[in-house]
Structures are given as structure tokens and as C-alpha cells.
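Atoms within a ligand are numbered from 1 in the order they appear, just like the ligands themselves.
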Amino acid sequence: MADTINSNENTNSSQVKDLIIIGAGPSGLTAAIYAARAELKPLVIEGYKAGGQLMLTTEVENFPGFEQGVNGPDLITTMRKQAQRFNTEFLTEDVTEVDFKNSPFTIKTGSQTFQAKAVIISTGADARWLGLDSEKALMGKGVTSCATCDGAFYKGEEVVVIGGGDSAMEEATFLTKFASKVTVIHRRDTLKASKAMQKRAMDNPKINFIYDSEVLEVMDVNEKKVTGAKIKNTKTGEETIVPCTGFFLAIGHVPNTKLFSDTKIELDEHKYIKTIPGSTKTTISGVFACGDVQDTKYRQAITAAGTGCMAALEAEHYIASLNDKE
Ligand code: NDP
């Protein structure tokens with residue numbers, strides 16, 4: 001699967017970094033901690049949206065080691081400080097261009113050009129949002145894109161799930177463990193989800209479905225909490241309010257891989273980076289991917305951190321093998 005790399009003759013080896021990590025969510029920061037402790041002096045180009053999806057959450061109760069839970073941005077700040085303690089360098093700029101054709105690899109930001117023996121991609125994925133002002137205003141106050149993370153906050157309450165795919169079915173089913181009632185709101189009259197996932201959700205007495213409906217507004221911005229979803233039937237034009245205290249988005253994720261579209265890194269049909277199963281190796285030898293940018297299944301902070309650790313260990317072995325050849 002690995003691609004062969006040509007040597008870049010024009011490189012001044014004294015300027016070549018061992019490792020550059022692109023992205024600084026839980027996967028990139030964990031990779032930095034491991035790589036820095038292995039004395040690789042990693043450079044993390046963290047981007048202007050540093051921290052990833054945890055920056056949009058409030059309470060994180062499922063990250064081990066925090067008995068009372070931890071605030072998402074605080075968790076990121078602590079991980080970043082931990083990486084800095086072992087001499088990780090950070091650059092708060094977006095990467096604008098990568099060239100993985102030759103080794104060492106070239107990475108450009110708005111202001112600088114770097115070269116590195118190995119690269120770890122941890123650019124994450126963003127949940128897709130409806131784009132409503134009210135949705136944005138109530139994010140973290142009842143509006144969320146992660147049922148696994150936030151479902152337990154809605155014990156005995158009524159919630160809605162937006163979407164008609166496998167994620168919506170899975171999240172709705174999961175939420176019935178806590179919520180008294182789950183309403184799936186879908187924009188069309190047929191679900192996109194697989195028949196098996198549909199059946200499981202439809203057979204669950206706590207789940208009901210509203211079809212042909214788009215969300216106009218998440219209520220109530222003035223009260224600073226979710227009290228309902230104002231929806232419109234796309235066929236009849238009728239507007240109704242579905243009472244709820246939790247508003248769960250499940251309309252897909254978008255991996256941050258645009259930057260790599262001109263490289264030989266193989267992406268799957270949803271544009272996630274393909275890695276060799278059981279590893280973080282991509283189709284280019286010396287380029288590794290970890291976290292949500294390569295994970296269509298788990299998408300948890302802890303699994304992102306786990307693959308970040310794997311990427312650092314694999315990058316370390318790769319760099320050692322290059323050094324042995326020199
Ligand atoms: P999908 O892209 O499959 O589904 C997204 C759903 O959200 C669709 O029903 C879509 O509507 C709807 N949607 C998209 N944009 C909007 C919008 N702006 N407003 C309203 N509705 C919108 O994403 P998923 O996250 O569900 O799944 C992603 C991939 O992961 C799939 O391949 C899926 O099979 C897989 N997966 C598998 C699971 C499993 O097997 N256990 C669990 C979860 C995901 P429309 O139908 O009209 O396009």
C-alpha cells in the first residue's frame with residue numbers, strides 16, 4: 001500500500017525537522033506528547049481552529065482520568081501544556097500546501113515553509129450543522145452533535161435527533177437509554193439509513209419519526225436553553241413546535257482533507273484518509289494519519305488520543321529506520 005518516495009536533492013538537512021504534526025485536537029496533541037518524549041522535537045502546526053471539536057463542548061464526562069468530568073477546552077489546554085513541557089514547538093497558522101512527492105516532505109503555511117522526515121495528519125473532522133443562528137447560539141446549551149458524549153445529560157427528558165442516516169438511527173436508539181422520548185426529524189419521506197438500522201429504531205417504542213420536515217429554529221435563544229424545535233412540513237408548509245430539551249444533530253461529518261486532495265494519499269468514498277487496518281500508515285510511507293480524519297466509526301476523544309499515540313510510535317520507528325539508512 002505504501003508509496004515510494006523520491007529523495008529531495010535540494011534539501012539542507014540541518015533545516016529538516018524530524019516530525020511535523022498537522023492539527024492539534026486530542027489525536028495531534030497525544031502524538032506530540034509521545035513524539036516529544038521520544039526527543040523528536042515535533043512541530044505542531046495547530047491551525048487557527050486549534051483544539052478541534054472538543055473546543056465546542058462543555059462537560060466531557062467520558063475521558064478517563066477525570067472523575068468529576070472536564071471542560072472540553074480545559075482538556076485541550078492541559079494536553080497542549082503537557083506537550084509543551086517536553087519541548088513541542090507550536091505554530092498557530094493554517095497549513096496552506098503540502099508536497100509529499102519527495103522526501104523530506106514540504107509543508108507550507110501562510111508565512112513559512114518547512115521540511116520534515118515524517119508527517120502526522122490529525123486535522124480532524126467537523127460535524128455538519130444546519131447553519132441556523134439559533135443552533136449556533138445554543139451550541140453546548142442543549143444543541144450537540146454527539147449522543148455518546150452528551151446523552152447521559154438527558155435522563156427522563158424529551159430530545160430530538162435531526163437526520164435520516166445510520167448515525168441518526170444509531171444515536172436515536174442510544175438516546176432511548178436515557179431520554180423518555182426521542183423524535184427523529186428527517187427532511188425527506190424516506191430514510192437514508194440501512195434497513196437493519198431503520199428497523200431497530202422503528203421497533204423501539206420510545207422513538208417516533210417526523211418526516212418531510214426542516215428545522216426553522218432551535219428554541220429558545222432568549223432563555224439560553226433548548227426548549228423545542230420549530231419545524232416546517234416541506235409538503236404542506238405547516239409549522240409546528242416539537243418540545244425538547246436536547247437537540248442532537250446527526251446529519252454527517254466532513255473530514256478535513258481538502259489539503260491532501262492533490263497528494264497520493266488515498267481517501268475513502270466519504271473523503272476520510274484511508275489507513276492500513278491496525279495502524280496509522282497512509283498510502284504514503286512516512287505520512288501517518290490519526291484521529292477523526294481517518295475514523296468513520298468511533299469519533300471519540302479517547303479513540304483519537306489512542307490513534308495519536310499509535311501515529312507517534314509509528315513515526316518514531318519510521319524516522320529511526322531512515323536514520324539507520326543515512
Ligand atoms: P449520512 O451522510 O449517511 O446521512 C446524513 C443524513 O442527514 C441524511 O439522511 C441526510 O438527508 C441528512 N442531512 C444531511 N444534511 C442535512 C441538512 N442540511 N439538513 C437536514 N438533513 C440533512 O451520514 P451519517 O453520519 O448518518 O453516516 C455516515 C457514514 O457512516 C455512512 O456511510 C453510514 O452508513 C456510516 N455509519 C454506520 C454506522 C453503523 O453501521 N453502525 C453508524 C453510523 C454511521 P438525506 O437522506 O435527505 O440526504
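Between Leu191, Asp166, Val184, it is Asp166 that holds the heavy atom closest to atom 40 (O) of ligand 1. Taking all heavy atoms of Glu269, His186, Arg187, Glu214 into account, the minimum distance to atom 17 (C) of ligand 1 is reached by Arg187.
The ligand atoms of ligand 1 that sit less than 4.0 angstrom from a heavy atom of Gly252 are 23 (O), 25 (O). When each atom of ligand 1 is checked for a heavy atom of Arg188 under 4.0 Å away, the hits are 45 (P), 46 (O), 47 (O).
Donor-acceptor pairing under 3.5 Å is lacking for the side chains of Ser134 and Glu217. No hydrogens or angles considered: a donor-acceptor pair under 3.5 Å links the side chains of Ser194 and Asp166.
When the shell of 6.0 Å around CZ of Arg188 is examined, it contains more than 12 heavy atoms from other residues, nucleotides or ligands.
Under 4.0 angstrom from ligand 1, there are no non-hydrogen atoms of Lys297. If you look at Val215 next to ligand 1, there are no close heavy atoms at all, none under 4.0 Å.
The pair Lys108-Asp99 fails the salt-bridge criterion, with no side-chain N (NZ, NE, NH1 or NH2) lying under 4.0 Å from an Asp/Glu carboxylate O. Under a 4.0 Å N-O distance rule, the pair Lys232/Glu239 does not qualify as a salt bridge. Comment: Lys17 engages Glu89 in a salt bridge, judged by a side-chain N to carboxylate O separation of less than 4.0 angstrom. Under the 4.0 Å criterion applied to side-chain N and carboxylate O atoms, Lys117 and Asp18 are assigned as salt-bridge partners.
Remark: ligand 1 and Gly163 share no N or O pair separated by less than 3.5 Å (distance only, no angle test).
Judged by distance alone, the side chain of Thr109 and the main-chain N or O of Asp94 form no donor-acceptor pair under 3.5 Å.
Closest to atom 7 (O) of ligand 1 among all protein heavy atoms lies Ile251 CA, 3.3 Å. For atom 39 (C) of ligand 1, the closest heavy atom belonging to the protein is Met197 CE, 4.0 Å. Looking from atom 42 (C) of ligand 1 to the surrounding protein, the closest heavy atom is Glu170 OE1, 3.4 Å. Closest protein heavy atom to atom 24 (P) of ligand 1: Ser167 OG, 3.1 Å. Ranking protein heavy atoms by distance to atom 8 (C) of ligand 1, first place goes to Lys192 CD, 3.8 Å. With respect to atom 9 (O) of ligand 1, the closest heavy atom belonging to the protein is Gly164 N, 3.1 Å. Among all protein heavy atoms, the one lying closest to atom 19 (N) of ligand 1 is Leu130 CD2, 3.4 Å.
Pairs engaging residues 121-191 under the disulfide (SG to SG under 2.5 Å) rule: Cys146-Cys149 [sequence neighbours left out].
Tyr154 pairs by the ring pair (Phe, Tyr, Trp, His ring centres under 6.0 Å) definition with Phe248, not counting sequence neighbours.
Residue contacts with ligand 1: His270 is included, with a non-hydrogen atom under 4.0 Å away. Using a 4.0 Å heavy-atom cutoff, His253 is absent from the residues neighbouring ligand 1.
Here the straight-line distance linking atom CD1 of Ile22 with atom CD1 of Ile120 works out to 10.0 Å at 0.5 Å rounding.
By the definition of a contact as any protein heavy atom under 4.0 Å away, atom 30 (O) of ligand 1 is not in contact.
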